[in-house]
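Order of the sequence lines sets the chain letters (A, B, ...), proteins ahead of strands, with each chain counted from 1. Predicted, not measured: the structure shown is a model, and the values here were computed from it.
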Amino acid sequence: MGALWVNIIAQGILLGGLYALYGTGLSLTFGVMRLVNLTHGDLIVVAAYLALLAGQFLGLSPWLSLLLVVPALFGVGVLLQHGLLNSTLGRGVLPPIIITFGLSVILQNVLQLGFTADTQGLDAGPIEVASIPVTKELSLGVMPLITFITAVLILTGLQWLLTKTKLGRAFRATSDDPTTAELVGINSRQIYGLAMGLSLAIVAVGGVLLGVRTTFAPTDGPARLIYAFETVIIGGLGNLWGTLAGGIILGVAQNVGAQLNPAWFQLAGHLVTLGLLAFRPTGLLARTRDVG
Amino acid sequence: MPKIRSPQSTLTQPKPRRMSSRGLAIESALLLAVLFSLPAWGSAGQMRTIVEFISFLALAQMWNLLAGYAGMVSFGQQAWIGLGGYALIVFADDLHVNMFLAVALGGAVAALVALPTAPLVFRLRGGYFAVGTWVVAEVFRLLIASSTVWLQGGLGRTLTAAVAVPRPERELYTYLLAVVVGAGAVALTYFLVRSRVGLGLTAIRDSETAASSLGVRITRIKLLVFVVAAFATGVVGALIYLNALRITPQAAFNVQWSAFMAFIVVIGGLGSIEGPIIGTVVFFILRDYLSDFGPWSIILLGAIAIIMTLVAPQGLWGILQRRFGLELFPVRRRLPCVAPHAQPALSEWKPAATDPALTETRPD
């Protein structure tokens, strides 16, 4: 009995790595420009489909396809920001919400037209089912471990970028006050484009890992968006390591919920999020404040 | 840099063709007379179309009240549709309440649930509020789907009480109820927006911080609007399932409801009562023309909403209004000094503390 729960919690923690990847991108764009990208989840799914295409047409393994999918989504992010979202700056909360939600609906239907509603998966070979025995009762899947380690590495890299580089300083300055940042020569629109690109580059990694780990379908995006949202809300807005904590809590909650009743996987995550919102509305480790 | 519009542009606007309150009352009475007499001369098909039209109109009107007036962009309005629909079935079938009365109870259940939900989602802003309300709707969907015995889980339930009522009679009552609900939703928005609450709402939408510093009770007003919108959306939800007779959690709590509301309001015009009316008309035309194209129709709808947001954020009604100065529902408060035809030219205009022109006119 004890071993069962240890297993469930361990799997939940590792699942949290994937959610941290989802949440980081959402948190980054919100942190830099107070924008919530509602296509976030659909772009995770798009990344998985792009990796699928790279496998079908170029024969690339999911790992190699990252070399194409990550830059592709970075480009999509820059284009999205410069082509659609930058022109709505300063016009209130509604325009970016409508634009990204409209895109979300469009993407789901385009994917459905292009790939049918069938579920797909990425084939990464035997590694998908490989596992490492830790104790007699507990063994950890290699894929979930890779996902978790990737999330930690990406968060470390992002932390370094934000605190140690010139670009990171520009990100933080724009986040604090775009007008003042412009005074010292930072082009805030360019920064927003880069932030969205970076956010979607991380999404690309999350999407490919999702595709290797499990199956995906055109309408899976909204659920992914909600997981990303919950990760950010639990972890606290604007805190990178909070995002990892949020992902882990969400993953554990979902796995524990599913163990109690298979239908409670999502419900448990929702309830933990709403509970946290009720009792600790800033999340566990908040940093960004949403002013105005 | 945001473009600063010169004050000239408001001065050169066409003379407003504003409907007076009396004109509005007469026209509304005429429209209602036509709608109420329709069963006598119209077909059952027309009645069904009107029920559907009114349902979408009322839903869009409530979404507009939240987003266009209170600045709360919700993607969780399906929560109230689903709760209203399920409440209808529970009251009518399990508790044997008259099913037309149960429609009103559907709204009451939605409002009761919205009351404790509000403080939770009010902790979120902007896009996060949108996703947060969506999560709340998902919670209700999952809870109802997991009631496999009582509410028959994902299979859903059928309104068996309706089977006892002969079809023509049921359709007639449903139709009359829909007309009442539609007129009620528009009237509710109209009077709410014209009231002090409406002024407070506009202030909140433009800047919560500024509104609060002027003494607008933000939380109370937002709570009132949130609960009122939930009530009306719940009533419409019950009405939809009184018409459809069959409900499943998947369909009733589908985010597509909120997507349609948002698209209708954005296309028609945000923050006006006329906008959702025009938006619903456009939505129905598009849907009829594109029904053969499956996913393409929704792709086009999403694309139009995006283009409108970028190019004409005031929607179709905003374009008409700027062009012709139309106003069907007089809800706007005008400062007399920006209406040159009604006031002496600015050069002759003498500011004085007691000048009645300085006091804001209430909508007439």
Side-chain angles (χ1 to χ4, degrees), chain A residues 26 29-30 34-38 40 83-84 87-113 182 218 222-223 225-226 228-230 232-233 237 261 263-271 273-275 277-278 281-282 290-292, chain B residues 1-2 67-68 71-73 75 116-117 119-132 134-136 138-139 141-143 145-146 148 153-154 205-209 255-256 258-259 262-263 265-266 270-271 294-310 313:
Chain A
L26 201 66
T29 49
F30 183 80
R34 307 293 182 272
L35 181 136
V36 181
N37 171 16
L38 298 181
H40 197 78
L84 293 176
S87 65
T88 67
L89 289 173
R91 276 180 38 200
V93 294
L94 187 81
I97 295 179
I98 294 294
I99 289 173
T100 56
F101 189 77
L103 280 177
S104 153
V105 169
I106 292 174
L107 275 182
Q108 285 170 46
N109 283 282
V110 167
L111 286 176
Q112 207 145 356
L113 284 169
E182 299 228 332
L225 168 69
I226 285 179
F229 161 83
E230 292 179 334
V232 174
I233 294 300
L237 300 176
N261 178 337
W264 290 353
F265 177 80
Q266 291 190 11
L267 189 60
H270 298 339
L271 292 179
T273 308
L274 294 180
L277 209 49
T282 51
D290 181 13
V291 187
Chain B
M1 283 300 285
M72 294 188 271
V73 185
F75 279 117
T117 305
L120 219 55
V121 289
F122 282 2
R123 298 199 156 153
L124 300 165
R125 295 263 174 281
Y128 282 136
F129 177 84
V131 187
W134 188 354
V135 169
V136 168
E138 282 293 289
V139 168
R141 176 178 71 83
L142 292 164
L143 283 176
S146 63
T148 46
R205 183 196 56 194
D206 292 344
S207 166
E208 264 193 35
T209 319
V255 71
Q256 195 149 55
S258 288
F263 291 164
V265 171
V266 168
L270 190 79
W296 285 108
S297 61
I298 180 109
I299 291 175
L300 188 69
L301 201 62
I304 294 177
I306 293 175
I307 292 167
M308 290 300 287
T309 307
L310 289 172

Practice prompt. Classify the ring geometry between A:Phe229 and B:Tyr128 as parallel (under 30°), tilted (30 to 60°) or perpendicular (over 60°).
Written response: tilted

Worksheet item: What closest approach, in Å, do A:Gly102 and B:Phe263 show between heavy atoms, and which atom pair accounts for it?
Response: CA-CZ, 4.0 Å

Practice prompt. Counting only heavy atoms closer than 4.5 Å, note whether A:Glu230 contacts chain B via side chain, backbone, both or neither.
Written response: side chain

Discussion item. Quick check on A:Pro222 against chain B: is it the side chain, the backbone, both or neither that has a heavy atom closer than 4.5 Å?
Written reply: both

Worksheet item: If you count heavy-atom pairs under 4.5 Å with chain A, which of B:Ala259, B:Gly153, B:Ala262, B:Pro119 comes out on top?
Response: B:Ala259

Item to complete: Over all heavy atoms of both residues, which pair between A:Ile106 and B:Gly302 is shortest? Give the atoms and the distance, please.
Response: CD1-C, 3.9 Å

Worksheet item: For A:Leu38, is it the side chain, the backbone, both or neither that has a heavy atom under 4.5 Å from a heavy atom of chain B?
Response: side chain

Worksheet item: Nearest heavy-atom pair of B:Pro313 and A:Arg91: which atoms, and what distance?
Response: CB-NH2, 3.2 Å

Worksheet, complete the sentence: Cut-off 4.5 Å, heavy atoms of chain A, and the answer for B:Ala303 is both

Worksheet item: Taking B:Ser146, B:Gly132, B:Ala130 one by one, which has the highest count of heavy-atom pairs under 4.5 Å against chain A?
Response: B:Gly132

Worksheet item: At a heavy-atom separation under 4.5 Å, does A:Leu26 approach chain B through its side chain, its backbone, both, or neither?
Response: both

Fill in: A:Ile233 vs B:Val131 side-chain heavy atoms within contact, under 4.5 Å
no

Response to the item:
Shortest non-hydrogen pair, B:Leu142 vs A:His270, comes out as CD1-CD2, 3.5 Å

Item to complete: Sort B:Val139 into side chain, backbone, both or neither according to what part of it lies under 4.5 angstrom from a heavy atom of chain A.
Response: both

Worksheet entry | CD1 on A:Ile98 to CG on B:Leu310, rounded to 0.5 Å | 11.5 Å

Worksheet item: Is it the side chain or the backbone of B:Ser207 that comes within 4.5 Å of chain A heavy atoms, both, or neither?
Response: neither

Worksheet entry | Atom group of B:Ile304 that falls short of 4.5 Å from chain A, counting heavy atoms | neither

Item to complete: With a 4.5 angstrom heavy-atom cut-off, could you sort out which part of A:Leu113 is near chain B: side chain, backbone, both or neither?
Response: side chain

Discussion item. Rounded at 0.5 Å granularity, tell me how far CG in A:Leu103 sits from CD1 in B:Ile299.
Written reply: 11.5 Å

Worksheet item: Can you tell me how far the CD atom of B:Gln256 sits from the CD atom of A:Gln108, to the nearest 0.5 Å?
Response: 9.0 Å

Worksheet entry | Top contributor to chain B contacts, counting heavy-atom pairs under 4.5 Å, from A:Leu94, A:Val105, A:Leu35, A:Leu107 | A:Leu94

Worksheet entry | Positive for side chain to side chain contact (heavy atoms under 4.5 Å, CB included) with A:Phe101, one of B:Val266, B:Val255, B:Ile306 | B:Val255

Response to the item:
The interface call for A:Gln112 against chain B, heavy-atom contacts under 4.5 Å, is neither

Item to complete: For B:Pro295 and A:Asn109, work out which heavy atoms get closest and say how close.
Response: CB-OD1, 3.6 Å

Discussion item. For chain B, which candidate among A:Leu84, A:Val93, A:Ile97 shows the most heavy-atom pairs at distances under 4.5 Å?
Written reply: A:Ile97

Worksheet item: Where is the tightest heavy-atom contact between B:Leu120 and A:Ala278, given as atom of each residue plus distance?
Response: CD1-CB, 3.3 Å

Item to complete: Would you mind checking which part of B:Phe75 comes under 4.5 Å of any heavy atom in chain A, side chain (CB onward), backbone (N, CA, C, O), both or neither?
Response: side chain

